[in-house]
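This report refers to the structure that appears directly beneath it.
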Amino acid sequence: MEAVSPRLQQRSSSLQSGKFRHMLACELREWLISHNSPVPPQTIHPVDSLEKELAPLSRSNLLELATAISARLGDRSAEENPLALTASTPSRFPYERFKTVFDVDGSEKLIIPAPPPTLAEAFAKSRRKVQHTELNSPNIPNIDANASTANEKFAAVPVLNSKSNLERDDGLPSILHQYLQAAEIGDADSMVEIGKAFAEGSGGLEKHIDHALTWLLLAADKQNTEAMVTIGKLYFDFSVLNWEARGRERSKSTEEEMRARHLSLAVDWFRLASHYDDLEGMVNLAKCYEYGRGVPKNLEIAFAYYHAAALRGYPAAMNLLEFFVVVGWFFQKGAGVRKSPVEACKWYRKAAESGISDGEENLGIAYCYGTCGDYVNRIEGAHWLWAAAMGAQVKSAFELATLIAKGKDCLREPPKAFEWMLCAAEGGMVRAMERVASWLVEGYGCTQDQRSAVAWYDRAIKGGSVTSLISLGALMETSASYDLAILHYTRAAEKGDIRGKFHLAKCQETGHGIPQNITEAFEKYLSIIQSHTSQNPAPPECFFRIGQCYEYGKGVPQDYTAAVKYYNDSKNFIPSCLALARIYQNGVKDLVEKNSEKAWKLYEYAANCGHPVGAYQIGMSYLNRAESEKRDDWVEAAATNLRKAAAEEYAPAKTKLAALILSDSKRFGSPEEAIQLLHEASNLGNPDAKEMLARMYNRGVEVNGSGVILRSESSKPSLFGGRSEGGIFSLKSRISTSSESLSDSNGSLSSFGSHILLPKDVAVSNRLKAQAVSVRKEKEQVESIIQKCSKGRTAIPDSLVEAIERLGV
């Protein structure tokens with residue numbers, strides 16, 4: 001005897017026999033469905049019915065039955081992942097595969113093509129297209145979509161007799177005489193064509209439901225399943241009801257009863273067609289059970305018919321292949337059948353390989369997000385998402401844009417990401433509209449265009465996006481259009497969004513569009529935190545703002561302990577992490593103990609999230625440790641982190657990186673790069689950069705053909721300035737190779753191929769010195785006030801908060 005399925009064996013040993021019988025009943029029902037498809041309604045056994053039949057069996061008999069079922073169904077845990085690509089199961093992507101390149105980190109990246117110029121318009125057209133259901137479509141229309149208007153008058157619908165005699169003068173034009181002749185000798189297909197022509201009002205005939213039903217009933221009497229399905233549709237979309245009820249009045253209750261009766265008749269015709277193995281009949285009947293129209297809602301029976309139609313319809317009946325996706329969805333969600341990502345992906349693959357866009361999309365998402373056994377292959381997934389996006393699948397275009405923007409196994413190309421996101425937005429996806437608007441504000445992959453961004457935010461708001469109300473309000477606030485900002489925040493708050501309430505409180509704190517009242521704003525912050533829920537959480541910035549109020553004594557007595565608590569409660573909000581790191585780095589006498597290790601971890605987290613201050617502080621920490629322990633590898637690590645921070649336009653990092661380059665231009669960069677960094681930092685207002693440039697302009701800088709500095713105003717240690725933050729730039733004493741970087745003022749090194757890097761300009765030097773002195777004086781004044789407030793434990797004046805952030809105190 002073959003072994004029991006490990007999953008069933010585990011259940012049998014750990015669960016009570018009642019629960020084991022339930023699971024065994026589910027297994028047995030699945031076997032009955034898969035081996036007796038299509039399943040007539042009378043043979044579908046509900047799980048509770050099977051449980052009752054299994055109740056008399058002993059435990060040993062149950063295990064024997066489980067063994068037999070396992071032998072037929074196979075152990076699901078041992079099934080091969082349908083997404084895995086092997087030599088025996090290669091990719092069946094039907095188009096030419098895309099090129100790949102190796103990124104700077106050595107990883108392979110896929111180059112996703114840009115969307116064709118006309119694709120965005122195709123998405124827009126698909127959005128504007130009026131959705132309707134045609135008679136030859138396997139989809140069942142929504143009841144409300146075809147409901148009669150309120151002023152329509154109804155009358156009783158006569159019962160039609162399939163044996164009705166037909167008159168030769170039914171109004172058939174000569175073009176249909178051939179069908180009529182064939183129908184008169186009993187050809188059922190010709191009867192169906194005539195009936196459909198009457199139902200549609202096509203082929204030169206006027207629409208006449210009575211004539212249509214007469215012909216279709218004759219064909220159905222000859223067991224023609226197409227006629228059965230067509231009759232079912234005429235009842236389902238109320239074509240019969242609306243036709244016969246013209247000009248007659250009926251009470252509302254009678255109308256509802258008649259609609260229910262016609263839905264029931266539609267189900268009977270779909271059931272009759274499915275009994276004769278008609279695929280379209282099965283699909284329509286499955287939809288009736290799925291949505292509870294004409295029959296009680298029953299997902300198990302719906303799945304049984306979907307599954308049967310899908311099994312019988314592959315690879316024939318191409319118009320039904322879209323239901324491979326439906327079957328996959330049932331398995332993925334566990335609706336009416338045991339949840340099985342493996343089975344879901346099998347059906348998605350069948351649909352995708354048959355060219356069904358929905359299947360391509362679901363298969364691509366499964367590859368990208370590992371929904372089947374955690375197997376992830378973004379390169380394969382991107383191929384299928386591209387195929388679906390070319391078929392105007394909105395979500396696929398959005399996912400492609402996201403993959404490109406994040407650079408996950410795909411080459412990061414912002415312009416392409418923007419183009420794909422624009423396609424998704426044109427297709428009506430609200431999230432894509434929000435993303436396009438934010439990228440237009442940032443200029444990510446496109447030219448900055450605030451006016452277009454506002455237009456996209458407006459479209460998203462019309463689509464029901466509360467997030468866009470917040471984003472548009474923030475954009476207006478940044479543009480100093482405070483009245484409009486308050487308007488958008490208020491609309492969001494009125495919709496119950498807690499972010500809108502927070503931004504209103506924040507405007508009250510800052511005085512943007514609302515009279516400033518910090519105490520009242522603080523109370524609102526606390527109220528927001530107390531009322532937030534998991535479905536509508538308070539923004540992390542709300543905790544940060546409360547922490548700031550406590551730290552600086554704004555609207556509440558100063559309390560560093562409470563500040564630390566709320567900074568911690570903001571759940572890794574970067575500004576909170578930096579504030580905590582600063583507090584732990586310096587400590588607060590008798591209140592917060594200095595803790596360099598905690599400060600390091602917080603700065604490291606901020607650096608890993610791409611924040612320049614975190615990277616700068618980590619770089620400075622490496623330099624401090626390298627100074628004391630003579631570690632050249634830490635100097636390299638410092639240069640790496642300083643370069644990351646400098647790339648984010650952080651002035652102190654640019655200054656320190658320039659100083660590091662000048663200490664050893666052979667290891668860290670060229671003197672030209674260093675002077676460029678100093679100019680950029682000076683333009684950003686950094687006093688250290690201004691002082692260094694002032695000294696260089698005082699005498700000028702000359703370099704030889706190898707890029708080694710020959711002439712400068714002073715020796716290397718003074719280039720870093722004793723007053724530089726951190727006081728750690730005595731690199732000459734610990735880096736042996738740096739002795740070549742600068743010579744003394746006599747220019748003893750070879751001047752072959754030398755050139756002037758920075759000309760002597762005393763006027764510029766004096767101007768830079770004066771600017772540096774002014775900035776330093778302001779900084780010292782701010783630091784002095786902060787020290788007095790700290791000693792006296794008084795609140796820091798609100799007017800100093802902006803200066804503290806600007807000067808980096």
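Starting from 1, each residue takes its place in the sequence as its number.
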Answer yes when Arg451 and Asp449 have at least one side-chain N-carboxylate O distance shorter than 4.0 Å, and no when they do not.
no
Sidechain N-carboxylate O distance under 4.0 Å for Glu673, Arg643
yes
Residue list, side chain to side chain donor-acceptor pair (under 3.5 Å) with His512, at least two apart or on another chain:
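Here the qualifying residues are Glu477, Thr510.
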Results of side chain to side chain donor-acceptor pair (under 3.5 Å) for Lys524 - residues two or more places apart only:
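Residues passing side chain to side chain donor-acceptor pair (under 3.5 Å) with Lys524: Gln508.
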Looking only at side-chain N and O atoms, does [Y] offer a donor or acceptor that is under 3.5 Å from a partner on [X]?
X	Y	answer
Ser479	Gln450	yes
Tyr622	Glu636	no
Thr655	Asp688	no

For atom CZ of Arg431, decide whether the heavy atoms of other residues, nucleotides or ligands shown that lie under 6.0 angstrom number more than 12.
no
Does atom NZ (Lys601) have a neighbourhood of more than 12 heavy atoms from anything else shown, all under 6.0 Å?
no
Could you give the distance from [atom1] ([X]) to [atom2] ([Y]), rounded to the nearest 0.5 Å?
X	Y	atom1	atom2	answer
Cys542	His532	SG	NE2	9.0 Å
Ile470	Leu475	CD1	CG	13.0 Å
Thr467	Tyr457	OG1	OH	10.0 Å
Leu758	Ile675	CG	CD1	4.5 Å
Phe543	Ile529	CZ	CD1	4.0 Å
Ile574	Leu602	CD1	CG	9.5 Å

Using a 4.5 Å cut-off on heavy atoms from C-beta on, say whether the side chain of [Y] contacts that of [X].
X	Y	value
Leu403	Trp420	no
Ile111	Glu413	yes
Met476	Val454	yes
Ile661	Leu677	yes
Tyr482	Cys507	no
Tyr697	Val762	no
Leu684	Tyr650	no
Ile379	Phe98	no

Does [X] reach the main-chain N or O of [Y] with its side chain, forming a donor-acceptor pair under 3.5 Å?
X	Y	answer
Gln516	Glu509	yes
Asn641	Ala637	yes
Lys416	Ile404	no
Ser621	Gln617	yes
Ser682	His679	no
Lys644	Gly610	no

Could you give me the CA-CA distance, side-chain angles and deciding distance for Gln676 and Glu672, then say whether side-chain hydrogen bond (donor to acceptor under 3.5 Å, both in side chains) is met?
CA-CA 6 Å; Gln676 177 65 28; Glu672 290 85 355; over 6 Å; no
Please assess Ile546 against Phe522 for the test side-chain contact (heavy atoms from CB on, under 4.5 Å), listing each intermediate value before the final yes or no.
CA-CA 7 Å; Ile546 295 176; Phe522 175 79; 3.8 Å; yes
Distance-minimising heavy-atom pair for [X] and [Y]:
X	Y	value
Val466	Ala492	CG1-CB, 4.0 Å
Ala505	Ala521	O-CB, 3.4 Å
Ala646	Leu657	CB-CD2, 4.1 Å
Leu662	Met692	CD1-CE, 4.3 Å
Ala114	Glu419	CB-OE1, 3.6 Å

Checking Ser596 against Gln585 for the side-chain hydrogen bond (donor to acceptor under 3.5 Å, both in side chains) test, could you report, in this order, the C-alpha distance in whole Å, the side-chain angles of both residues, the deciding distance, and whether it holds?
CA-CA 5 Å; Ser596 300; Gln585 187 178 21; over 6 Å; no
Close aromatic pair by centroid cut-off 6.0 Å: Tyr567 and Tyr550
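No, the ring centres sit 6.0 Å or more apart.
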Between Phe502 and Tyr525, does the ring centroid distance fall short of 6.0 Å?
yes
Test side-chain contact (heavy atoms from CB on, under 4.5 Å) on Glu691 and Arg776 and set out the steps.
CA-CA 11 Å; Glu691 286 186 351; Arg776 287 198 179 282; 2.9 Å; yes
Let me see the working for His611 and Glu648 under side-chain contact (heavy atoms from CB on, under 4.5 Å), right down to the final yes or no.
CA-CA 8 Å; His611 199 283; Glu648 299 296 328; over 6 Å; no
Checking side-chain contact (heavy atoms from CB on, under 4.5 Å) for the pair Arg582/Tyr603: CA distance, chi angles, key distance, verdict?
CA-CA 9 Å; Arg582 171 172 42 79; Tyr603 281 135; 4.3 Å; yes
The complete set of side chain to side chain donor-acceptor pair (under 3.5 Å) pairs with one or both residues in residues 433-448, sequence neighbours excluded, reads Glu434-Ser465
